[in-house]
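Model, not experiment: these values are computed from the prediction. Below, read A as the first sequence line, B as the second, and so on, with proteins coming before strands; counting in each chain starts at 1.
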Number of protein chains: 2
Amino acid sequence: MAKATRKKKDPDASAEEKILSAARVVFTRNGYAATTVRDIAAEADLNFSLVNYYFRSKEKLYDLVMKDAIRQLLYSIKYLLDEPQTTPQEKIDLLCVRWIDMLLEHPDLPLFVMNGVANSSNDITKELVENNVFLTSYFVKQLMELHGKGKLKIAPLHLVMNLVSMLSLPFVARHLLLKTGAVDMKMFRAMMEERKTHIPGWIKLMM
Amino acid sequence: MAKATRKKKDPDASAEEKILSAARVVFTRNGYAATTVRDIAAEADLNFSLVNYYFRSKEKLYDLVMKDAIRQLLYSIKYLLDEPQTTPQEKIDLLCVRWIDMLLEHPDLPLFVMNGVANSSNDITKELVENNVFLTSYFVKQLMELHGKGKLKIAPLHLVMNLVSMLSLPFVARHLLLKTGAVDMKMFRAMMEERKTHIPGWIKLMM
DNA sequence: CTATTTTTTGAACAATTGTTTAATACATTT
DNA sequence: AAATGTATTAAACAATTGTTCAAAAAATAG
């Protein structure tokens, strides 16, 4: 095994890493079924047998990429939601900036993950449950407490739903917006920048 | 040609129709690439050569299904948005009920269409542009007029984005909610029923 | 009934798929 | 240097894919 022992140095970016990031690109763009092992190798500019050499199978490689995608989507805000010192409102402010920044860098992530979940193996579902960021977070506990005292109009689950919806659906529907000519890329980015501050405002109206 | 001339009567549900609705089921569940012509025929309980006999190719059949899906998603609210007699607020009330009812019957439609658009042919993009329901609607004209007069705080495009987001993302993320155990099917339906009236309320707060 | 058209079937096809294997090239160690 | 372990390659594989085609079956028309 090369991967496990790792006695050698990495020559520049190692073949293994080149394949992994190529897989990220191709899987994210085309999905699992429409992606071939040869596509990935071509993107990495390597012989296609190396994919199986380093990752054993297409499916194992996909699971790796999908798990990373889920972590990227959820972990980037996890500690933020569990911070005991900040108010729910402050959490919302930070969350929106943090998440939109991340999504602007990886705009295809939400659709990719939604598809991964829809046709998921147990392995991937497990990754999701273990990182069930929102519902087990201190953020939701705070909201439930406020809701219980009558100091929060909206049900916490609806609030979270609205927050995630307004943040991520524009990215899910990004290609639709672009291809219909509703917006161009520059305008899309500008609107997402606006939403960093607008969404917290709208959410607070609901609270 | 059988399809074009149609001299015969339809024996019960014709083979052609059985294939089309089977294709809807399988394509919507598994996507284009993961669907085989043999899967569709099996779902329709027919010989798999009939798929090509009636629809010439897998891709043409998919385009049919996708176009129908887009129409179902957009046409169900098109005339509603172009009604000159109703106020924007009334349109929003009706839209939310109408759309959530439709999505509860076809919950996989949004994710299916988003994927179709992301990897779309020109043919499908055309269908979208021609049914560009929102941005060319009288609804948006009304909003822009109000916004121009300073009688509408939120920018119309953000309003439409928020409306569509809060309505459709829960369906896109439906499998995630169910598989993580955040909600069960009964609770999901109940929440969507609540959102029929809540979303208009939240949107109006933003206006 | 006979003739004709339409529908259905099963076999065959070439292409593409993921995976394996054996040989070769390269790097490291002794 | 030789020996050993690792990385890379090309070829081959069995399976699956969409599509075609000719024959059989069923339905319709004359």
Side-chain angles (χ1 to χ4, degrees), chain A residues 1-27 29-66 116 119 121 123-124, chain B residues 1-27 29-66 116 119 121 123-124:
Chain A
M1 283 286 173
K3 194 172 53 175
T5 55
R6 180 87 50 131
K7 292 175 185 175
K8 308 286 178 58
K9 59 162 182 167
D10 286 343
D12 229 12
S14 73
E16 191 178 350
E17 285 164 358
K18 281 167 80 175
I19 290 170
L20 185 59
S21 57
R24 265 190 261 272
V25 171
V26 184
F27 276 136
R29 193 201 310 131
N30 302 333
Y32 178 77
T35 295
T36 73
V37 171
R38 287 163 177 86
D39 288 340
I40 296 171
E43 175 76 26
D45 204 38
L46 290 172
N47 186 286
F48 73 93
S49 297
L50 289 175
V51 175
N52 283 308
Y53 177 74
Y54 281 111
F55 297 95
R56 304 185 49 89
S57 75
K58 177 190 173 185
E59 200 178 358
K60 284 195 169 61
L61 177 53
Y62 174 77
D63 278 5
L64 260 184
V65 171
M66 179 57 70
N119 308 15
S121 66
D123 213 30
I124 287 170
Chain B
M1 285 285 173
K3 195 173 53 174
T5 54
R6 182 84 52 124
K7 290 176 184 175
K8 309 284 177 59
K9 60 162 180 166
D10 286 344
D12 229 11
S14 73
E16 190 177 350
E17 284 164 359
K18 281 168 80 174
I19 291 171
L20 186 59
S21 58
R24 266 191 261 272
V25 171
V26 184
F27 275 136
R29 192 202 311 132
N30 302 333
Y32 178 77
T35 295
T36 73
V37 171
R38 287 163 178 85
D39 289 339
I40 296 170
E43 175 76 26
D45 204 39
L46 290 172
N47 186 286
F48 73 93
S49 297
L50 289 175
V51 175
N52 283 309
Y53 177 74
Y54 282 112
F55 297 95
R56 305 186 47 91
S57 77
K58 177 190 174 187
E59 201 179 356
K60 285 195 168 62
L61 176 54
Y62 174 78
D63 278 4
L64 259 183
V65 171
M66 179 56 69
N119 308 13
S121 64
D123 213 29
I124 287 169

Sequence-distant partners of [X], side-chain hydrogen bond (donor to acceptor under 3.5 Å, both in side chains), two or more places apart:
X: Asn47(B); value: Ser49(B)
X: Asp123(A); value: Lys67(A)
X: Thr36(A); value: Asp39(A)
X: Asn30(A); value: none

Difference in axis direction between the ends of the helix from dG18(C)-dC13(D) to dT30(C)-dA1(D), five pairs, 10°
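Both end axes considered, the difference amounts to 10°.
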What distance separates Leu64(A) CG from Arg56(A) CZ, expressed to the nearest 0.5 Å?
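The CZ atom of Arg56(A) is 12.5 Å from CG of Leu64(A), to the nearest 0.5 Å.
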Calculate, to the nearest 0.5 Å, the distance between atoms CG and OH belonging to Leu46(B) and Tyr53(B) respectively.
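Taking CG in Leu46(B) and OH in Tyr53(B), the distance rounds to 13.0 Å.
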Is the phosphate of dT19(D) approached by Asn52(B) (side-chain N or O, under 4.0 Å from OP1 or OP2)?
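Answer is yes, contact under 4.0 Å.
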Within the structure provided, determine whether Phe27(B) and Ile40(B) are in side-chain contact (heavy-atom separation under 4.5 Å).
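Yes, their side chains come closer than 4.5 Å.
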Once you round it to whole Å, what is the distance between [atom2] of [N] and [atom1] of [X]?
X: Lys58(A); N: dT16(C); atom1: NZ; atom2: C1'; result: 12 Å
X: Lys60(B); N: dG18(D); atom1: NZ; atom2: P; result: 15 Å
X: Asp39(A); N: dG18(C); atom1: CG; atom2: C1'; result: 13 Å
X: Glu16(A); N: dT8(D); atom1: CD; atom2: C1'; result: 14 Å
X: Leu61(B); N: dG18(D); atom1: CG; atom2: C1'; result: 13 Å
X: Arg56(B); N: dT20(D); atom1: CZ; atom2: P; result: 8 Å
X: Glu17(B); N: dT7(C); atom1: CD; atom2: C1'; result: 15 Å

Choose from dT8(C), dT19(C), dT19(D) the nucleotide whose nearest atom is closest to any side-chain atom of Tyr54(B).
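Nearest to the side chain of Tyr54(B) among the choices is dT8(C).
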Any residue of residues 18-26 of chain A with a heavy atom less than 4.0 Å from an atom of DNA chain C:
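DNA chain C contact set from residues 18-26 of chain A: none.
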Which residues pass the side chain to side chain contact (heavy atoms under 4.5 Å, CB included) test with Ala42(B), sequence neighbours left out?
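So Ala42(B) forms no side chain to side chain contact (heavy atoms under 4.5 Å, CB included) with any residue.
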Going by side chain to side chain contact (heavy atoms under 4.5 Å, CB included), name the residues that satisfy it together with Ser57(B), two or more places apart in sequence or in a different chain.
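For Ser57(B) the side chain to side chain contact (heavy atoms under 4.5 Å, CB included) partners, ignoring immediate neighbours, are Glu59(B), Lys60(B).
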Tell me, which pairs form a salt bridge (charged side-chain N to carboxylate O under 4.0 Å, His left out) where one or both residues lie in residues 43-52 of chain B, sequence neighbours left out?
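For residues 43-52 of chain B: Arg29(B)-Glu43(B).
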Begin from the C-alpha positions of Leu61(B) and Leu20(B) and carry the test side chain to side chain contact (heavy atoms under 4.5 Å, CB included) through to its verdict.
CA-CA 8 Å; Leu61(B) 176 54; Leu20(B) 186 59; 3.8 Å; yes
Shortest non-hydrogen contact between Phe48(A) and Val37(A), atoms and distance
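Looks like O-CG1, 3.7 Å.
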Where do N or O atoms of nucleotides 9-12 of chain C meet protein N or O atoms at under 3.5 Å, pair by pair?
{"from": "dT9(C)", "atom 1": "OP2", "to": "Asn47(B)", "atom 2": "N", "distance (Å)": "3.4"}
{"from": "dG10(C)", "atom 1": "O6", "to": "Ser49(B)", "atom 2": "OG", "distance (Å)": "2.7"}

Angle between the two end axes of the helix from dC1(C)-dG30(D) to dT16(C)-dA15(D), five base pairs per end, rounded to 10 degrees?
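Its terminal axes enclose an angle near 10°.
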Distance under 6.0 Å and angle within 45° of ring axis: Lys58(A) vs Tyr32(A):
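Yes, a cation-pi geometry holds between Lys58(A) and Tyr32(A).
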Not counting sequence neighbours, which residues clear salt bridge (Lys or Arg N to Asp or Glu O under 4.0 Å) with Arg38(A)? List them please.
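Result, salt bridge (Lys or Arg N to Asp or Glu O under 4.0 Å) vs Arg38(A): none returned.
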